[in-house]
Every structure is written in structure tokens, then in C-alpha cells.
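Okay, structure first, notes after.
Throughout, protein chains are lettered first and strands after them, A, B, ... in sequence-line order, and every chain is numbered starting at 1.
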Amino acid sequence: MNIESALSLEIQSVLNSLYGWEQAPKLDQTRPEFEGDFTLVVFPFVRASRKSPEATAEEIGAALMNSGSLISSYNVIKGFLNLVLKADNWSIFLDREWNNLQFGHGSSKDQKVMVEYASPNTNKPLHLGHMRNNFLGYSLSQLFKASGYEVVMANLINDRGIHICKSMLAWQRFGDGETPSSSGMKGDHLVGKYYVVFENALREQTQKTIELALQGQYNGHSPAVQERYQQAWSKLEAAKEDKQISKLKDDIKELVRNQSELMLACQDMLRAWEAGDPEVLHLWKTMNGWVYEGFDATWKRMGVSFDKFYYESDTYTLGKDLVQEGLEKGVFYAKEDGSVWIDLRDAGLDEKLVQRGDGTSVYITQDIGTAQLKYEEFGVDRSIYVVGNEQDYHFKVLFLIMERLGRSYASGMYHASYGMVDLPSGKMKSREGTVVDADDLLQEMVDAARETTEALGKTDGLAQEDLNALYETLALSALKFFILKVDPKKRMLFNPAESIDFQGDTGPFVQYSHARIRSILRTAPSSWNEAADTQLALSETETALLKVLAQFPGAVTQACEQYSPALVAQFLLDLAKAFNRVYNEHSFLKEPDAGLMKRRLKMAQMTANTLKNGLAVLGIDAVERM
RNA sequence: GACCCCAUAGCUCAGCUGGAUAGAGCAACUGCCUUCUAAGCAGUAGGUCACAGGUUCGAAUCCUGUUGGGGUCGCCA
């Protein structure tokens, strides 16, 4: 039991005997400008005590002193009861945990959790948006592991669909047999290049037609297309608001694009793919192979991994059985054209298509199927989807569907929704080329780590090999920490013009604090732990450090409950700062009193362990020296 | 049009289920390395918590409205 919960229980019992109060009281950390460790706000109890806030606080404080308490004194300021813990509570805590390598880890929950993340399209290389997803997904996995869950990291690769056909078609027409080995390009970048080639060719091919279509002149290939165009056009003519107009214009552009020769060829290719055309399948396998090689390299460098891969080419027909089941159960209903729907208006949502009129799957059909598949394959108790917040609605609908289909595991499904990474110019858009490429960024960060280290002259005594490994780790910790310290739910800004810092509230700062401690421990005399314990009181900064350390298990638990690695990141900053304050104020190895040295080294050891464990939760390896 | 999310220092972000004088980092300015790693520490300056109401002993936090930004809304996944 930790100190805070012990104290909380004691207060609860005092409140119960004084006022018959039943609930667990809420304890705050005492603000640094007041004396005390924990603070109880007494306003909630004044009704029961029928006394002023001050008198109530006095009464509770006195009762706590009498109950053989953990506290040594208290003070009352207005309605705030500040409690000072007996100093030996902190020493006991330190003696118990200083060398506990598992400190902060939860006991086994005997539950299995699947974390699905990454889930890329195979038509272009990874960018910064993917990196936020990957870092979050990997970190959440480590967080759940640390909290005692068994974790399966899954990646559902989006390897089929019209977007792949674009790269394939462009390669066929313009590629001239280019391969990763012939060009020296990373496979995913090569395929991405042809995706861009396709988009450019498409733009060229459709530019004039679009211009004319936006003036009311367009000839569709079929009456149906022509009718859709005419409808869109008359809407556009009637529209008044700017927003609406630009949206309707986009609709028309989209329509014209989809009817272009290139897009029609693409759709033919998709149909050929679905029909199992050997030539198309061969090309698809070849180009996907290039992409996987490229992705694997990037993931490896990013330090993320997966236990299980799903491929949409395998799963895209799944879910139809469940659609059938839903029809029989009356959860879904069919319209005249044979399309299948669910009505979620009673849940404040809308009607939603779950299967097309021609019997083919839509996105959500697959997700229904894969949810079932995950459960059958792994028996997961919880299933977490790390997916951007633009799909909030989609997952609301999916979870409701699974619930209405009577799936017991529906309650364990969770959408770990996160915000976009914005650039100063706004949202990243691959079509407009405003993306920050993952491989480029990684390399820039590694270069920056090398330059910083060299500028500080800290390369002495390290082999080139070790230095290279150090730069990789430092670069990654800067990047991961930069991304993970922000609340996942919020959108965040990345400014490529300003490089990510290595100073201040950063990954390297935490690393530095860790490396500094490791350095102390390496040079400490081997017999330091044999000295007699000191009886001297802890200094203010030392007590502050122990208070921060004591918060680690709670931070992990809370981060897990809130699906937020950011809480761990913020904790690590607090811890590193608290330690650096002690470091600045006291000596460790030069401390003449052997007992004091022992106590400080215990604190150093525990801080290093905790920093390392916390970094591990963020998916960051702690460095021994830097 | 409907629904969802967001708005805190010049910039990037904390601020947990309502609690004391709203906190960090960056940028600016001051100090601290012949002593355990200065990628550090200490300090100065910087705020109408978008705006207006409401609930409460107490609101950045909860509720309502307004403004601004982003997202989603039957066949892209």
C-alpha cells in the first residue's frame, strides 16, 4: 500500500467516526508555498460538522493526531487542512522501493488486450501523422503491459482498393520497369512516387474538363453520369454561401475525375484484381512487397513492432455472415435495392449502410468481420483501435453495431482517438505534397542529435558504433517525447522550420538526467550500501523528490485508464526536475557522511529505475551515458 | 443544415473527477562550471484562461448561449 492510500484510509475512518461520513476523501498534493505533504479540503464536510470550515479542519486535524496517525503535524488555512507526514514515512518508502526494478508496474490483471495501430495504406510512404499513430499505439501497448495486461499488437494493413491501383497503373504506364534495386529507392518511396505520378497525370488529364464542368459544360459517358452532373450543377448554381459553393465545386471535380480515362482504367484494374486476374495480382504482390520492405525498415528504425498482421485483402469479404445474422435478428434491415442498413436514430446517430446493394462490403462491414475474427483468434477481453479522430463517428457506429449483435466483447472495444498533426500551413495533405516524410524526419533528427552531441564535446571515449547507436536513440527519444507529451486527443502543431529541441521539457532532458545518475552509480564505491543508515532529516528537495517518486504507480494507472501516455511523459519531466534540484544542491559521491551518501545513492538508484521504466512505457530506451 | 472536438503567456504545451496567488518549456534578460555529466540549476519579465450569462462557499475546470478554428454526415478506406 502506498502512503497516500494509507493516509486516505485513515482520514476516512476519522471522518466516519466524527460525522458518519462514508465516502473516500479526496487528497491533494499540498502546494509548495504551504507547509505539508497532503491537503484535505474540508468544505464538503462543513454541513455534517455544523461548524465553520476552520473549526472543522481543526477538529479533523486533531482527531488524526490522536489516531496514532501517519502525520506528525497539521496546519489549517481557511478551509484547507494541510497534513505533514511523519518524516520516517518517506524513509520507509525509500528503503522498501529503492531497488525494486518493477516499481510502478501493476500486478497481473489476467486479461488480454489487443492494440491495433499503424494500419497504413500501401500506396505511399509513412509521414508524421503515421508517426503519431505509431508512437501512441506502441506506447499504449507498453502501458497496458506495465499495468499487468497481456498485450497483442496488431496491424491491419490496407493493401487493397483503388488507391493501390493508382500506383500500379502509373507504374505500368510510366514506370519503364523501375524497381527499388534499379533505382536505389526505398520500396515504399518508389511506390509513393508512382502514386504522385498518377495524381499529376490525372490532374493534367482532367484540368480542362474540370474548368469547363465548373462553367456548366460537361458530357458524361453515360446518361446516369450526366444526370448526376446536372444535379450537382444546378445545386451549385443555386448555392449562395461560400462554404457550400466550394464544397459543391469539389463534388463536381470529384465526379469529373472519377469519370476520367485514368480513373476508369483504375476501376477496371480493381475489378480485375477482385476477379483474380493473374497479371494484376502479380503486379500487386510485387509492388506491395516493395512497400512492406520499406515499411519494415521505417518501423524498425522507429522502434515499433507488431505481433500480428492482418491484411485487408484477406479480410475485406469478412463480416457478411454477421450482416446476415443481423438481418435475421432484425438488427439490420434491407432496402428494396438489396442494400442493408442499421437504424441508429434511437441512439442519436443516423441510418448507416452496412452492405451495398450488390452484396459487396463497405468499410464498416470489414470492421464488423475483423472484430469477430480478433475475438475468435485471440479471445481478447479488450480491443483498442488507435485511429485518428476523423473516424470518431465510424467507431461509435461500429461499437453500437457489435453491441446490438449481442457480442459480449463489444463492451471491451475502445477507440483510442487522437488528433491530427498540423503544420503551420495547416493540415498535412499528401495530394498537395505538404507532408513531413517519416524517413526524412528520422534522418534529420539523427543528424541533429549528432551535431548537438559533437558541439557539446561529449563524444570522447565512445566508439563510433556506440555513438551512432546513441544518436539514433537520442533522436528517437526527442521525437517520441515531443509527440507523446501532448494529450493524444488534442491536435498538435509541428513546425518543420524549428527543429525539435534537445533542451527543456524534452526526451533528451529526461535521458540526460538518467545518464547523469548512471554515471554517478558507475563511479560510486562498491561498498556504499554497507554504511549505517543516517538519522539526519531529509532536506526539502530530497523530500520533494521522494514525493514525486511515490506518484509513479498512480501516474501509470491513470495513464492506462485514460489511454494517455502524456501523463507518464509529464511525470517523467517532474521527476527529472526534482532529481536535478537535489543534484544541484547536494553531493552524492563527495558527501562526507557515509549514511547520507547511502541514502542519496538509494534515491539516485530509484530515480534512475523509475526514469527507465517510465521511458520504456513511452517506447524509449534509456541511455547509459550521453 | 445536423452532430462531434477544440480555444490557457509572443510560440509549443500542462493544469486529473470544481479548491488556496493559473504552471512548465522555448524565445528575451540576470546569475551559477579548477568540485559527482551546465543537454543542468537558480532568478527576472510575460495572463481579462476566446466572449457573455448561469450553478456554487469556491469555476480555466460544470451548464447554456455567442464567436473563431477543425472534423464527420449511405457506397475512399
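- Ion pair Arg271(A)/Asp268(A) flagged as a salt bridge, since at least one NZ, NE, NH1 or NH2 atom sits closer than 4.0 Å to an Asp/Glu carboxylate oxygen.
- For Arg581(A), no side-chain nitrogen or oxygen approaches OP1 or OP2 of rG40(B) to under 4.0 Å.
- Within the 4.5 Å cutoff, the side chain of Arg31(A) has no heavy atoms near those of the Thr39(A) side chain.
- By the 5.5 Å and 30° criteria, Tyr583(A) is not stacked with the base of rG40(B).
- For the pair Thr315(A) (side chain) and Leu318(A) (backbone), a donor-acceptor distance under 3.5 Å is absent.
- Note on Arg516(A): a side-chain N or O is less than 4.0 Å away from OP1 or OP2 of rA38(B).
- Below the 3.5 angstrom threshold, one finds a donor paired with an acceptor across the side chain of Thr453(A) and the base of rA39(B).
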- Task: Report the C-alpha separation of Arg345(A) and Asp343(A) in whole Å, then their side-chain angles, then the decisive distance to 0.1 Å, and conclude whether the salt bridge (Lys or Arg N to Asp or Glu O under 4.0 Å) test is met.
- Result: CA-CA 6 Å; Arg345(A) 281 175 298 189; Asp343(A) 188 351; 2.7 Å; yes
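- Between Asp505(A) and Lys577(A) there is a salt bridge, with a side-chain nitrogen of the basic residue lying less than 4.0 Å from a carboxylate oxygen of the acidic one.
- Contact check, Asn580(A) against rC41(B): a side-chain N or O comes under 4.0 Å of OP1 or OP2.
- Remark: ring of Tyr512(A) does not overlap the six-membered base ring of rG40(B) in a stacked fashion, as centroids less than 5.5 Å apart with planes less than 30° apart are not both met.
- Within the 4.0 Å cut-off from OP1 or OP2 of rG19(B), at least one side-chain nitrogen or oxygen of Lys26(A) is found.
- Spacing between rC51(B) and rU67(B) at atom P, rounded to whole Å, works out to 16 Å.
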Applying the Watson-Crick and G-U criteria (both distances under 3.5 angstrom) with [ ] for crossing and | for other-strand pairs, one obtains for RNA chain B (((((((..((((.....[...)))).(((((.......))))).....(((((..]....))))))))))))....
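- Partners of Tyr310(A) under the ring-ring contact (aromatic ring centres under 6.0 Å, His included) rule, at least two apart in sequence or in another chain, do not exist in this structure.
- Put simply, Phe43(A) rests on the base of rG19(B): the two rings are less than 5.5 Å apart at their centres and nearly parallel, under 30°.
- Taking 3.5 Å as the limit, the base of rA20(B) and the side chain of Thr39(A) contain a donor-acceptor pair of atoms between them.
- Nucleotides rG46(B) and rU64(B), compared at atom P, are 36 Å apart to the nearest Å.
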Between the protein and nucleotides 6-13 of chain B, which nitrogen or oxygen pairs are less than 3.5 angstrom apart?
unit_1: rA7(B); atom_1: OP1; unit_2: Lys490(A); atom_2: NZ; d: 3.4
unit_1: rC13(B); atom_1: OP1; unit_2: Leu493(A); atom_2: N; d: 2.6

